[in-house]
Amino acid sequence: MLAVAALTVIWAGVWHRTQSERQALEANALAQQRGVAVILSENLTQVVDRGRLIAIAASAWFEDPQPDAIHRLGGMLAADQAFLRGVLYDAALKPRFQSSPLFEGADFMQQLRQAVGRLHTPGGSSVEFVGDPTRRSDRWDVPLVLPVFEPGGAVRGYLLLSLDLGYLLSLYRDVELGPSGSIHVLARDGTAVAEARPEGLSGPRKLRQMADIAASPSVDGHLTLDMRGDGDTQLSVFRRSDRTPFTVVVSRGRDDILGAHTRFSLGVWITLCALTAVLVLVAWVWLRSLRRQQSLINALSRSDHEKHGLIVLLEDEKSRALTLASFDHLTGLNNRRMFNELAASHLAAARRSKKHYALLYFDLDRFKLINDSLGHHVGDLLLQAVADRLRENVRSSDIVGRMGGDEFAVLITGVENVADIDVIAAKLVAEISRPYPALDGHEVHVTPSIGIAFFPRDGHDITVLCRNADAAMYQSKRAGRGRYTYYDAAMNPSGSRSLTLERQLPRAIADGELVLHFQPKVQLSDMRIVGLEALVRWRHPEFGLVYPGEFIALAEASGLIAELGDWVMAACCSQLAAWKSQGLPTVPVAFNVSPHQLRDEQVVQRIASLLDQHGLTAQDIEIEITESCLVEPIDVAVRVLGRLEAMGLRIGLDDFGSGFSSLSQVRHLPIHKLKIDRSFVNDLRSSNDVGVIVTSIITLAHNLGMRVVAEGVELMDQLLYLKTANCDEVQGYFLSRPVGADDTARLLQHGHVHPQ
Ligand code: C2E
Ligand code: MG
Ligand code: MG
């Protein structure tokens with residue numbers, strides 16, 4: 001639009017300028033021509049006036065035709081260069097005096113008589129032409145006749161004067177009118193008496209257009225003529241004198257006046273046309289690229305829209321499948337995985353709470369006997385009835401789950417008083433022990449054996465709590481069933497162990513009792529090792545090799561996790577550097593980072609200096625975070641992750657699916673890899689729904705440009721399923737357990753892993 005407006009303005013400006021220049025040029029030329037016409041017309045008037053003076057002098061001759069008068073008349077004629085000769089006639093047109101010999105023939109005399117006749121017509125002029133002019137060499141003889149009056153006013157005779165128009169017009173030879181310039185002296189009837197051009201004098205001739213000028217009532221004016229009738233128009237200025245029979249016309253060819261300007265304008269117009277063409281071309285190219293860009297943007301937004309639709313669809317499918325996979329089909333209670341997830345998230349909040357949390361773990365005494373004797377159907381009905389009573393007797397904030405077989409668990413959340421747990425447990429024993437009167441026509445009696453573990457006293461995480469509550473449940477059974485028992489650290493051989501480990505952990509880090517084991521991540525397309533995960537172990541002097549499941553939660557609870565994390569990062573880098581110095585073909589090594597570490601902005605600087613210290617690049621290492629890193633406050637963690645990504649580090653989201661975040665929540669975070677939680681891989685065989693979840697997670701992650709790693713692969717059919725579902729990498733005992741540095745070096749050397 002802007003270009004079109006600019007072009008219009010330029011074109012209009014140039015057009016306007018050209019027009020006004022043409023007008024100015026024409027006005028200039030007209031002024032010059034008018035000047036010449038006025039001067040020549042004045043000149044002719046003066047000459048005719050001088051003729052009149054001679055006529056007055058000639059009147060004296062009639063009174064006294066003495067040599068004196070003749071002499072005076074001849075002198076006047078000789079002195080005036082404008083007149084070639086003069087003849088004085090009496091009233092009867094008899095020549096009485098002539099300045100040079102007479103040579104007029106009968107024709108001339110005839111014309112003279114006609115001219116004299118015109119002098120006497122009413123309204124006639126005081127000067128008349130006598131016939132056509134004659135040319136003698138460069139003299140242009142125009143005969144004029146004037147009356148000679150006697151003092152009384154009567155005509156006494158006539159004076160014939162030969163006006164030399166050639167002489168008069170030659171005076172204007174030097175007036176610059178250009179090659180096309182011309183001066184015409186017209187008679188009253190429009191006949192061009194003389195025509196002066198740069199090439200010389202000519203005439204007389206009749207020009208049609210000149211008749212128009214002669215007929216014009218104005219004394220002066222200008223008009224455009226086509227004298228030659230060839231389309232080459234002339235700009236003519238005319239001037240008529242009242243006292244003479246002459247009209248002067250000064251003309252110039254329009255082409256001559258405007259020629260230089262027309263040529264210059266042509267150049268300007270050509271340049272303008274070229275400029276316009278270039279501008280139009282540029283605008284066209286620009287518009288085309290704009291249109292292409294627009295269609296690209298449209299296509300992108302369409303594909304983004306479609307992608308979003310796909311994500312929503314898959315998320316729905318995933319959540320539907322997740323619901324199906326989260327509940328026990330028989331009782332409608334949470335299944336083990338769901339119970340553990342819900343319980344873990346409650347315990348995370350419980351760490352900051354002053355209230356009491358307890359896990360009640362129980363099974364039904366002699367359930368196997370009921371099953372065997374009354375049949376599985378009655379067994380199933382009993383389990384459903386127990387589930388109903390459980391639901392009725394706990395608060396909605398408590399979490400209830402069927403952990404498998406006849407095992408149930410209840411997480412009592414946020415009670416004010418420890419004694420309340422006692423009341424709840426006693427009530428549950430009593431309620432579940434009430435007879436079940438109508439189970440397919442049978443009345444069934446059953447009692448529960450309950451074990452109770454407190455959080456955090458008896459365990460920092462749900463796994464330990466379950467294990468300890470389970471130990472307490474067996475204590476109930478040993479004590480005679482149909483009762484509840486609190487966990488006592490002494491009843492678990494590892495009970496005191498957790499306290500010991502917590503106490504000894506700081507020393508263990510300082511004394512170098514921690515070691516790293518490495519588990520390979522294998523690319524499914526070619527079974528190549530494409531990464532390692534560093535997993536920490538504690539070489540305990542008394543307990544032997546202790547796994548992180550036992551001490552990471554302790555370290556997190558006691559705040560030692562920062563120190564432990566720093567040790568892992570440093571050990572990982574130094575091990576990588578050692579492998580490199582041995583010339584081994586290394587692959588990126590991932591280490592696990594706890595939420596606590598991600599809330600410390602210094603961690604970025606520490607990783608950078610470790611890389612520097614060991615001569616490694618950011619591509620040599622990766623980090624694995626869990627969804628618990630992404631709970632509020634999330635801003636610092638996101639900032640740290642952003643800076644790590646900017647360094648070139650790749651980030652994996654561990655145990656995906658075990659928490660509550662969905663892919664649409666993490667899609668804007670700098671996550672490059674998704675590790676599907678091993679509980680999904682574990683359930684692949686037993687549940688179709690889990691298969692749907694795993695497949696949709698893989699599709700979604702690929703859509704968001706992430707690689708997918710499945711962890712905990714223990715069986716060939718899990719591996720095959722994952723390969724069919726387009727999973728990128730797998731990790732698990734089926735391929736390799738986590739192994740020490742030396743065994744890892746051998747794996748790296750080999751480069752491939754074959755199922756064991
Ligand atoms: P993770 O990061 O998900 O690590 C994978 C865990 O799965 C490892 O357990 C590994 O031995 C185990 N695993 C691998 N393949 C299989 C399999 O086929 N079947 C089964 N059942 N398990 C398999 P590990 O070494 O006991 O570590 C447990 C968790 O402790 C890790 O889970 C990680 O969250 C945490 N952890 C380990 N090392 C570190 C560490 O250096 N720092 C932090 N913050 N956490 C760590
Ligand atoms: Mg991990
Ligand atoms: Mg994991």
Side-chain angles (χ1 to χ4, degrees), residues 337 340-341 344 460-464 505 508-509 513-522 531-539 545-573 575 588-600 603 607 621-629 650-659 671 673-685 697 708-719 722 729-740 743-744 753 755-756:
R337 193 161 51 76
N340 283 347
E341 271 176 24
H460 285 279
D461 61 34
I462 192 66
T463 320
V464 179
L505 189 56
I509 301 172
E513 284 181 12
L514 300 183
V515 284
L516 284 185
H517 279 188
F518 300 88
Q519 189 177 32
K521 294 177 196 170
V522 176
L532 292 171
E533 176 171 10
L535 296 157
V536 68
R537 274 95 181 87
W538 182 352
R539 235 186 255 291
L545 202 61
V546 179
Y547 287 86
E550 273 195 90
F551 61 89
I552 291 290
L554 291 178
E556 271 171 351
S558 63
L560 268 174
I561 192 71
E563 219 172 305
L564 189 144
D566 281 351
W567 180 90
V568 170
M569 290 192 310
C572 194
C573 290
Q575 184 59 67
V589 180
F591 52 82
N592 294 281
V593 170
S594 77
H596 187 276
Q597 284 174 280
L598 268 196
R599 281 194 203 106
D600 173 13
V603 77
I607 291 179
I621 57 168
E622 285 177 6
I623 64 163
E624 287 185 13
I625 60 165
T626 53
E627 290 168 68
S628 48
C629 293
R650 296 175 67 78
I651 300 158
L653 185 59
D654 211 349
D655 306 339
F656 184 76
S658 63
I671 306 279
K673 248 182 204 179
L674 211 69
K675 296 188 76 179
I676 300 179
D677 189 52
R678 65 170 178 273
S679 65
F680 286 105
V681 177
N682 189 43
D683 292 350
L684 264 183
R685 273 185 350 149
I697 290 176
V708 183
V709 186
E711 54 183 24
V713 176
E714 294 178 346
L715 301 163
M716 176 57 112
D717 54 0
Q718 292 168 342
L719 187 129
L722 290 163
E729 297 167 28
V730 286
Q731 186 182 347
Y733 295 167
F734 184 60
L735 295 160
S736 168
R737 285 180 174 271
V739 290
D743 288 333
T744 309
V753 170
Q756 293 160 346

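Order of appearance sets the numbers: ligands from 1, and atoms from 1 within every ligand. When reading the values below, keep in mind they use all heavy atoms of this one structure, side chains included, and skip hydrogens, waters and symmetry mates.
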Within the structure, is a non-hydrogen atom of R737 found at a distance of less than 4.0 Å from ligand 1? no
Residue that, paired with E729, satisfies salt bridge (Lys or Arg N to Asp or Glu O under 4.0 Å) out of K521, K673, K675: K673
Counting C-beta onward and ignoring hydrogens, is there a side-chain heavy-atom pair between Q519 and L532 closer than 4.5 Å? no
Protein residue, atom and distance nearest to atom 39 (C) of ligand 1, heavy-atom basis: V536 CG1, 3.7 Å
Side-chain contact test, heavy atoms from C-beta onward, threshold under 4.5 Å: evaluate it for V708 versus I676 and give yes or no. yes
Just give me the atom name: the N, O or S atom of D655 closest to the Mg ion (ligand 3). OD1
shortest atom 28 (C) of ligand 1-to-protein heavy-atom contact is with P548 CG, 3.9 Å
Show the atoms of ligand 1 that are less than 4.0 angstrom away from any heavy atom in I552. 43 (C), 45 (N), 46 (C)
Classify the contact between V568 and ligand 1 as side chain, backbone, both or neither, using a heavy-atom distance cut-off of under 4.0 Å. side chain
I need the nearest protein heavy-atom contact for atom 21 (N) of ligand 1: residue, atom name and distance, please. E714 OE2, 3.0 Å
G732 heavy atoms, cut-off 4.0 Å: which ligand 1 atoms fall inside? 15 (N), 18 (O)
Of all N, O or S atoms in E624, identify the one at the shortest distance from the Mg ion (ligand 2). OE1
Using a distance-only test with no angle check, is there a side-chain donor-acceptor pair under 3.5 angstrom linking E533 and N592? yes
Donor-acceptor pair, side chain of Q575 and main chain of C572, under 3.5 angstrom: no
Non-hydrogen atom of H517 closer than 4.0 Å to ligand 1: no
Could you check which N/O/S atom of D654 is closest to the Mg ion (ligand 3)? OD1
Rounded to the nearest 0.5 Å, what separates atom CD1 in I607 from atom CZ in F591? 4.5 Å
Yes or no on side chain to side chain contact (heavy atoms under 4.5 Å, CB included) for V603 and M569, after CA distance, side-chain angles and deciding distance? CA-CA 10 Å; V603 77; M569 290 192 310; 4.2 Å; yes
Any sub-3.5 Å donor-acceptor pair from E624's side-chain atoms to D654's backbone N or O? no
Test your reading of the structure: does Q597 have an N or O sitting under 3.5 Å from an N or O of ligand 1? no
Q718 side-chain N/O to L715 backbone N/O, donor-acceptor pair under 3.5 Å: yes
In this structure, NE2 of H596 is separated from CG of L560 (nearest 0.5 Å) by 10.0 Å
From the options L535, L514, V536, I509, select the one residue that forms a side-chain contact (heavy atoms from CB on, under 4.5 Å) with V568. V536
Value for CD (E550) from CZ (R537), rounded to nearest 0.5 Å, stands at 11.5 Å
Closer than 4.0 Å to some heavy atom of V713 - which atoms of ligand 1 meet that? 18 (O)
Look at atom 3 (O) of ligand 1 and say which protein heavy atom is nearest, naming residue and atom and giving the distance to 0.1 Å. D655 OD1, 3.1 Å
Could you check if a side-chain atom of L505 sits within less than 4.5 angstrom of a side-chain atom of W538, using non-hydrogen atoms only? yes
If you round to 10 degrees, what value do you get for the angle at the Mg ion (ligand 2) between N592 atom OD1 and E533 atom OE2? 90°
List the closest protein heavy-atom neighbour of atom 1 (P) of ligand 1: residue, atom name, distance to the nearest 0.1 Å. D654 OD2, 3.7 Å
Looking at ligand 1, would G712 count as a contact under a 4.0 Å heavy-atom criterion? yes
Counting non-hydrogen protein atoms only, what is the nearest one to atom 18 (O) of ligand 1? Give residue, atom name and distance. Y733 N, 2.8 Å
So which bit of T626 gets within less than 4.0 Å of ligand 1, heavy atoms only: side chain, backbone, both or neither? neither
Selected option - heavy-atom contact closest to atom 31 (C) of ligand 1, from D677, V546, L535: L535
Selected option - heavy-atom contact closest to atom 14 (C) of ligand 1, from Q519, E533, E711: Q519
Atom 11 (O) of ligand 1: nearest protein contact (heavy atom, Å): P738 CG, 3.4 Å
In this structure, atom 7 (O) of ligand 1 is nearest to the protein heavy atom R678 NH1, 2.7 Å
Distance from F734 atom CZ to D717 atom CG, nearest 0.5 Å? 8.5 Å
